[in-house]
Novice: 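Take a look at the following structure, please.
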Amino acid sequence: MSGRNTFYTTTPIYYVNDVPHIGHAYATLACDVMARFKRLDGFDVHFLTGTDEHGQKVEKAAAAAGMSPQAFTDKVSQSFHDLLGVMNYSPDNFIRTTEKRHYASCQALWEKLVASGDIYLGKYAGWYSVRDEAFYAEDETTVGPDGKRRAGPVNNEVEWVEEPSYFFKLSAWGDRLLEFYEKNPRFIAPESRRNEIISFVKGGLQDLSVSRTSFSWGVPVPGDPKHIMYVWLDALTNYITECGYPDESNPLWRFWPADVHVVGKDIIRFHCVYWPAFLMSAGVAPPKRVFASGWWTTEGQKISKSLGNAIDPIAVTNEFGVDPVRYFLLREVPFGNDGDFQRRALIGRLNADLANAYGNLCQRVLSIVAKNCGSVVPPKGALTDEDKALLGRAQGLLATVRAEIDEQAFHRALTAIWEVIADANRYVDAQAPWALAKTDPARRDTVMWVLAETIRRVTLLVQPFMPDSASKILEQLAVPQEARAYTAFDQELVPGTALPKPQGVFPRYVEPTKAAS
Ligand code: MSP
């Protein structure tokens, strides 16, 4: 074991009833940035994503595709796996709920819940949404003008279900959950979601149906295999299956409890109410934090299969590049808020923030260094107050970004980095190194050193967000791989180091029609 601090982050596991769209890419991106940051910051990291393959919804989707559930889930799960490469994600593992080890883990958890006296056999009679795979109380449903009854965060249709079912005594857990939220104020974020969950629990909890008998695609209940475990009990368990549950001597058990489960705002009840109750009942520590992200619409419309407007991650990254898309998703909208994916806004950010601000800074500085400073890191003379001010701001960024990442405030981390980029661009203009070339070449060299060093620090922090682009820039500054972790953050550029020929990293995006004319 490493002895380093651990960091475990997870994405929701994705239903395999449909192919991935940009909304699915979003939670995984947030986890990827945290995982990459923490690895660079010296943590022992585990980053998990995967697919949620059981339940009625998936069984129905397989039937509609004329395939067996297993063949269907194999196929769709692969498209979520492929997304990892498309978006340059770096998970440590990809879990599938159809894996054998996961059945064993779910059944072990079930047996613990039985042993705790929290499971009993009864009969469920109530509303169920197959789309949400969720049960709803009568007063949570409404009947629309079309005569259809709906419920839940996206108002999906519900149907009446009446069948024998095992129940989890959730009603007995309300006070313990409220106490848990009280003692762990960071457990649910953002704050608005925390309030939403607390008032839901204060409103009184009903026992939860945790098995179904009307279909067969899932994990059988131990000792009563006519019953299939409720898909959410199965799905949530993935987070501990990965760590070896119930075998706490598994080396991966060191990662439990998870540091951050990133989830969408539609699935917080499962993660913030059911999940900690199941775990506490089984004597397992609940996760440390659940962060609920908002939802993306596209050009003002809800993403929907029937509208055919889902942004395909493959198409959008082919057109704009992976890193600009990664940057846009995390910079455009504060994490936790809803956002609208607008092509115009993406192009705007790509050109303003990436090509003009950051790309241009690197390009200007590196080409002067190549042309006028003999393609080596320039010598560093005495530093002026302006030099020290800029270097100080770049140095202070690590602590700022670290704190923002711990709050999942990715947009604020990026804003802080881009403020230093703007400072550096102002500094270039104010120092006018091209004029110094004639009057004071030694001062010109110092100015170029200060700028190259500022780009180095900024780029070290850009790495988790835009790994490929950052790597290209660090190569141009001859920063070796082993000097890219944050232990080397204060390891300044050494004058005289030979630099490769500079190359632009962020080209301006020009609309193809305009480019052609
Ligand atoms: N299988 C469950 C999660 C189980 S976790 C133990 C599930 N799957 S899902 O595929 O329907 O959704 C996965 C995630 O994608 C959810 O967090 C959901 O909020 C998110 N998104 C789906 N559409 C989205 C947008 N349009 N925008 C942002 N996120 C979206 O729920």
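Order of appearance sets the numbers: ligands from 1, and atoms from 1 within every ligand.
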Novice: Polar pairs, ligand 1 vs protein, N/O only, below 3.5 Å.
Specialist:
unit_1, atom_1, unit_2, atom_2, d
ligand 1, 1 (N), I13, O, 2.8
ligand 1, 1 (N), D52, OD2, 2.7
ligand 1, 10 (O), Y15, N, 3.1
ligand 1, 17 (O), G264, N, 2.8
ligand 1, 19 (O), D266, OD1, 2.5
ligand 1, 19 (O), W295, NE1, 3.1
ligand 1, 26 (N), W296, O, 3.1
ligand 1, 27 (N), W296, N, 2.9
ligand 1, 29 (N), G23, O, 3.3

Novice: Does F43 have its ring centroid less than 6.0 Å away from the ring centroid of F37?
Specialist: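 No: the rings miss the under 6.0 Å criterion.
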Novice: Could you tell me if D74 and Q70 have a donor-acceptor pair between their side chains, going purely by distance under 3.5 Å?
Specialist: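 Note: Q70 and D74 side chains meet the donor-acceptor criterion.
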Novice: Going by an N to O cut-off under 4.0 Å, is there a salt bridge joining E196 and R193?
Specialist: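 Yes, charged N to carboxylate O under 4.0 Å.
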Novice: Can you confirm whether the side chains of Y128 and E133 place a donor and an acceptor under 3.5 Å from each other?
Specialist: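 Yes, because at least one side-chain N or O of Y128 sits under 3.5 Å from a partner of the opposite role on E133.
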Novice: For W296, check side chain to side chain donor-acceptor pair (under 3.5 Å) against everything at least two apart and list the hits.
Specialist: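 None.
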Novice: Assess the side chains of Y358 and S469: does a donor N or O sit below 3.5 Å from an acceptor N or O?
Specialist: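 S469 and Y358 do not have a side-chain donor-acceptor pair below 3.5 Å.
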